[in-house]
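Working notes, beginning with the structure itself.
The analysis underlying the following values was restricted to heavy atoms, covering all of them including side chains, and did not include hydrogens, waters or symmetry mates.
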Amino acid sequence: MSGFAVTGVTLPALTLVDGLWWAALVIQLLAIPGTLLPLLPGLALLPLGAGLWVWAVGWSTAWPPFALACLLLLLGWGADALGLVLGPARLKATRWAYIGAGLGLLVGLLGLLPALPVGGPLLGALLGPLLGASLGELITAPTALGPIGLLRLRRSLVVGLAVVAGMLVIKVAQALLALVGAAGFVLLTSLRV
């Protein structure tokens, strides 16, 4: 018997290649939540899943999904760089705003923010960089703005919002790239003979 029978319906048996295809697809689908949650690898899972498929069927058959996955990873890295640099750079943010945003993200994810019991790590991932970038900018803002007062406070909050807005745009763009990668994997592997 070459399959599994359930109430008169015989399902075909899964081969090793079929099982590896499903495993590669699951890895690629994990890239979608991975792009939205800061502690998961995200787009790096696309080439990993495609690499599993290359290992299963060989390079000559599986190079298109692997090439697509690598291209999407590079595009995601480019979106990451542009999103973090363009918004705050246009505002002439100091480098301490970036450092503060990174430290704020770490603090927010680890649960050191008082808002975490209410919103969880996602709220911490938003509030941490906002507070960190704002504080970093407030402390090190150009002295041409005068002493620490309302003008510097306003500027630091605008820079913090720009950093968070850039992070959100990056996450949405990377989630769409991960979705395209998983759909492209299904389409390109279904074309194999």
- prompt: Among the clusters formed by ILVMFWY side chains lying less than 4.5 Å apart, do V159 and W96 turn up in the same one?
  reply: no

- line: Exactly one candidate in L73, L36, I32, D80 meets side-chain contact (heavy atoms from CB on, under 4.5 Å) with Q174; the answer is D80

- prompt: How far does CG of L153 sit from OG of S134, to the nearest 0.5 angstrom?
  reply: 8.5 Å

- request: Applying side chain to side chain contact (heavy atoms under 4.5 Å, CB included), name anything that partners V186, two or more places apart in sequence or on another chain.
  value: W21, L25

statement: Residue set satisfying side chain to side chain contact (heavy atoms under 4.5 Å, CB included) with L168, at least two apart, ordered chain then number -> L126, V164

task: Look at the side chain of S190 and the backbone N and O of L187, then say whether any donor-acceptor pair between them is shorter than 3.5 Å.
output: yes

message: Let me check something: do W55 and L16 share a hydrophobic cluster, defined by ILVMFWY side-chain heavy atoms less than 4.5 Å apart, either directly or through other members?
response: yes

- prompt: Side-chain contact, heavy-atom cut-off 4.5 Å: L130 with V163?
  reply: no

field: Same apolar cluster: L48 and L52, side chain cutoff 4.5 Å
entry: yes

task: Quick one: closest heavy-atom pair of A69 and P47, and the distance?
output: CB-N, 3.6 Å

- prompt: When rounded to the nearest 0.5 angstrom, what distance separates CG in L46 from OG1 in T35?
  reply: 9.0 Å

- line: Applying side chain to side chain contact (heavy atoms under 4.5 Å, CB included) to L75 and not counting sequence neighbours gives L71, L72, L177

message: To check you understand the geometry: which heavy-atom pair defines the closest contact between G42 and A31, and what is its length?
response: O-CB, 3.3 Å

message: Clusters formed by hydrophobic residues whose side-chain heavy atoms approach within less than 4.5 Å: which one holds F66, and what are its other members?
response: V54, W59, W63

query: How is the hydrophobic cluster of V169 composed, in terms of its other members, when Ile, Leu, Val, Met, Phe, Trp and Tyr link through side-chain heavy atoms under 4.5 Å apart, directly or indirectly?
result: none

- prompt: For T15, what residues pass the side chain to side chain contact (heavy atoms under 4.5 Å, CB included) criterion, not counting sequence neighbours?
  reply: V17, D18

- request: Answer whether the closest heavy-atom distance between the side chains of F185 and L68 falls below 4.5 Å.
  value: no

field: Considering all heavy atoms, the nearest A182-Q28 contact
entry: CA-OE1, 3.8 Å

statement: All heavy atoms of E137 vs all of A97, minimum pair found to be OE1-CB, 3.6 Å

query: Which distance, rounded to the nearest 0.5 Å, do you find between the CG of L138 and the CZ of R155?
result: 11.0 Å

- prompt: Can you tell me how far the CG atom of L29 sits from the CH2 atom of W22, to the nearest 0.5 Å?
  reply: 9.0 Å

query: Does L74 share a hydrophobic cluster with L43, counting links as ILVMFWY side-chain heavy atoms below 4.5 Å and allowing steps through other members?
result: yes

query: To the nearest 0.5 Å, how far apart are OG1 in T140 and CG in L135?
result: 9.0 Å

